[in-house]
Amino acid sequence: VAENKFVDLGFGADMIDVILNNSDVTRDSAKEKIGLAGKYLITCGYNGLKPQRHAEIIYAVAQVREQLPDNLHLLLPMTYGATESYLQEIENLLKQLDFQYTIFDRFLIDEELLHIRKATDMFIHAQPSDAFSASMQEYLLCETIVVNGHWTRYPDFEKFGMPYYLYYSFEELPACILKAYRQKEKIEITPELKEFIRKKGWLHLAGEWSRVYDELAGRSENQKANMPDF
């Protein structure tokens, strides 16, 4: 198939537009909205599937808990993908390690998800592969500290400067969490990266989709006009 017949169009993320339209929501006000004012919030993964490796993240945080704030609280968005047995397994582990935590296991409306994204101080990503995660983009847009496994890299983000702290194994994750918390290597979410992410929202992409369909409709009309009469 000729290369000029391909069009690079992605699906937009509603939450990107929601975040941009609620720039007045601060981290502190978002924490108040979810009932966790004054807490240091670490979010573990973004769904309830086992490949999010919740247990590995929880064990890593436990190893350095004494060097993290006393008001540490873990958030686990497990709104889809989790079985009842897996939810119970993760909750038992959190109780066993005596963590303060909140598990989100039901559908969240946009406003609730906005507050979770904005309230998060640190997001830890550990799944083995990814398909250009909208959740990752949303946390970066909120200028959240992100800790990311090196096996899942996002070159389109990194071309604007490294936007997250990388760890190369779960043995390295505890040290990486501390480095990110102390921000020894300052990570900056550049205006260029924010603009790149903005264009992944539907407010921008809907126009791109419309433009492509308009061009196709125009071509179709031209082809009809140029067809000979029989």
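From Lys95, atom NZ reaches atom CG of Asp98 across 12.0 Å, with rounding to the nearest 0.5 Å. Note that CG of Leu108 is 11.0 Å distant from OH of Tyr80, once rounded to the nearest 0.5 Å. Annotation: the span from Gln63 atom CD to Leu97 atom CG amounts to 10.5 Å, rounded to 0.5 Å. The structure places CG of Asp14 at 10.5 Å from CG of Leu113, a figure rounded to the nearest 0.5 Å. The CE atom of Met15 lies 9.0 Å from the SG atom of Cys142; values are rounded to the nearest 0.5 Å. In this structure, CG in Leu166 is found 9.5 Å from CD in Glu185, a value given to the nearest 0.5 Å.
The backbone N or O of Tyr46 lies less than 3.5 Å from a partner atom in the side chain of Gln52, making a donor-acceptor pair. In this structure, the side chain of Glu89 does not engage the main chain of Ser85 through any donor-acceptor pair within 3.5 Å. At distances below 3.5 Å, at least one donor-acceptor pair connects side-chain atoms of Ser29 with backbone N or O atoms of Thr26.
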Practice task
Go through the steps for Met122 and Thr43 under the test side chain to side chain contact (heavy atoms under 4.5 Å, CB included), then give the verdict.
Solution key: CA-CA 6 Å; Met122 182 187 299; Thr43 297; over 6 Å; no
Practice task
Give the C-alpha distance, both sets of side-chain angles, the deciding distance and a yes or no for side chain to side chain contact (heavy atoms under 4.5 Å, CB included) between Ile57 and Leu74.
Solution key: CA-CA 10 Å; Ile57 295 173; Leu74 300 187; over 6 Å; no
Exercise for the section: Might you work through the salt bridge (Lys or Arg N to Asp or Glu O under 4.0 Å) test for Glu138 and Lys200, ending with a clear yes or no? Expected result: CA-CA 10 Å; Glu138 291 155 16; Lys200 302 301 178 185; over 6 Å; no
Practice task
I would like to know whether Leu68 and Leu178 meet side chain to side chain contact (heavy atoms under 4.5 Å, CB included); could you show each step before the answer?
Solution key: CA-CA 8 Å; Leu68 294 171; Leu178 277 185; 4.1 Å; yes
Problem - Stepwise salt bridge (Lys or Arg N to Asp or Glu O under 4.0 Å) check, Lys31 with Asp121 - result: CA-CA 10 Å; Lys31 289 179 182 182; Asp121 292 288; 2.7 Å; yes
Practice task
Report the C-alpha separation of Gln88 and Asn92 in whole Å, then their side-chain angles, then the decisive distance to 0.1 Å, and conclude whether the side chain to side chain donor-acceptor pair (under 3.5 Å) test is met.
Solution key: CA-CA 6 Å; Gln88 193 61 58; Asn92 289 344; 3.0 Å; yes
Handout entry: Derivation of the side chain to side chain contact (heavy atoms under 4.5 Å, CB included) call for Ile116 and Leu41
Key = CA-CA 9 Å; Ile116 291 170; Leu41 302 179; over 6 Å; no
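Put simply, Leu87 and Leu49 are part of two different groups of oily side chains (I, L, V, M, F, W, Y) that touch within less than 4.5 Å, one to the next. Cluster membership for Leu203 and Val25, using ILVMFWY side-chain heavy atoms within less than 4.5 angstrom, is not shared. Using a 4.5 Å cut-off between side-chain heavy atoms of Ile, Leu, Val, Met, Phe, Trp and Tyr, with links allowed through other members, Tyr213 and Trp202 fall into the same hydrophobic cluster. Under the 4.5 Å side-chain heavy-atom criterion for Ile, Leu, Val, Met, Phe, Trp and Tyr, Leu9 and Phe6 are members of distinct hydrophobic clusters. Hydrophobic clustering (side-chain heavy atoms under 4.5 Å, transitive across Ile, Leu, Val, Met, Phe, Trp, Tyr) groups Ile103 together with Leu72.
Residue Glu111 qualifies as open at atom CD: its count of foreign heavy atoms under 6.0 Å is 12 or below. Around the CD atom of Glu66, the shell of radius 6.0 Å holds no more than 12 heavy atoms that belong to other residues, nucleotides or ligands. Open room surrounds CG on Asp70; 12 or fewer heavy atoms of other groups in view lie less than 6.0 Å from it. Heavy-atom neighbours of Glu195 CD from other residues, nucleotides or ligands within 6.0 Å: above the threshold of 12. Surrounding CG of Asp8 are at most 12 heavy atoms belonging to other residues, nucleotides or ligands under 6.0 Å away.
Looking at heavy atoms from C-beta onward, Ile42 lies out of side-chain contact with Thr120 at the 4.5 angstrom threshold. The closest side-chain heavy-atom distance from Ile197 to Ile16 is below 4.5 Å. In this structure the side chain of Arg106 never reaches within 4.5 angstrom of the side chain of Thr79, judged on heavy atoms. Residues Tyr154 and Gln137 fail the side-chain proximity criterion, which asks for heavy atoms closer than 4.5 Å. The shortest side-chain heavy-atom distance between Tyr181 and Pro69 falls under the 4.5 Å cut-off. His125 places none of its side-chain heavy atoms less than 4.5 Å from the side chain of Tyr139. Gln183 has its side chain within reach of Tyr165: a pair of non-hydrogen atoms, C-beta onward, lies under 4.5 Å apart. No side-chain heavy atom of Tyr164 sits under 4.5 Å from any side-chain heavy atom of Val147.
Classification of Glu32 and Arg27 as a salt-bridged pair fails, no side-chain N sitting under 4.0 Å from a carboxylate O. Using a 4.0 Å cut-off between a side-chain N of Lys or Arg and a carboxylate O of Asp or Glu, Arg117 and Asp110 do not qualify as a salt bridge. A salt bridge between Glu143 and Lys194 is present, with a side-chain N of the basic residue lying under 4.0 Å from a carboxylate O of the acidic one.
Nearest heavy-atom pair, Ala126 versus Trp151, reported as atom, atom and distance to 0.1 Å: O-NE1, 3.5 Å. Between Met136 and Val146, the closest heavy-atom pair is SD-CG1, 3.6 Å. When every heavy atom of Thr190 is checked against every heavy atom of Phe160, the shortest pair comes out as CG2-O, 3.3 Å. The two residues Cys44 and Pro77 come nearest to each other via the heavy atoms O-CD, 3.9 Å. Leu193 approaches Pro163 most closely through the heavy-atom pair CD2-CB, 3.8 Å. Taking each heavy atom of Ala119 and Ile34 in turn, the nearest pair found is CB-CD1, 3.8 Å.
Checked against a 6.0 Å centroid threshold, the rings of Tyr86 and His54 count as neighbours.
A cation-pi geometry, defined here as NZ or CZ lying under 6.0 Å from the six-membered ring centre and within 45° of its normal, does not hold between Arg53 and Tyr59.
Leu173 pairs in a side-chain contact (heavy atoms from CB on, under 4.5 Å) with only one of the listed residues (Val61, Val64, Ile124), which is Ile124.
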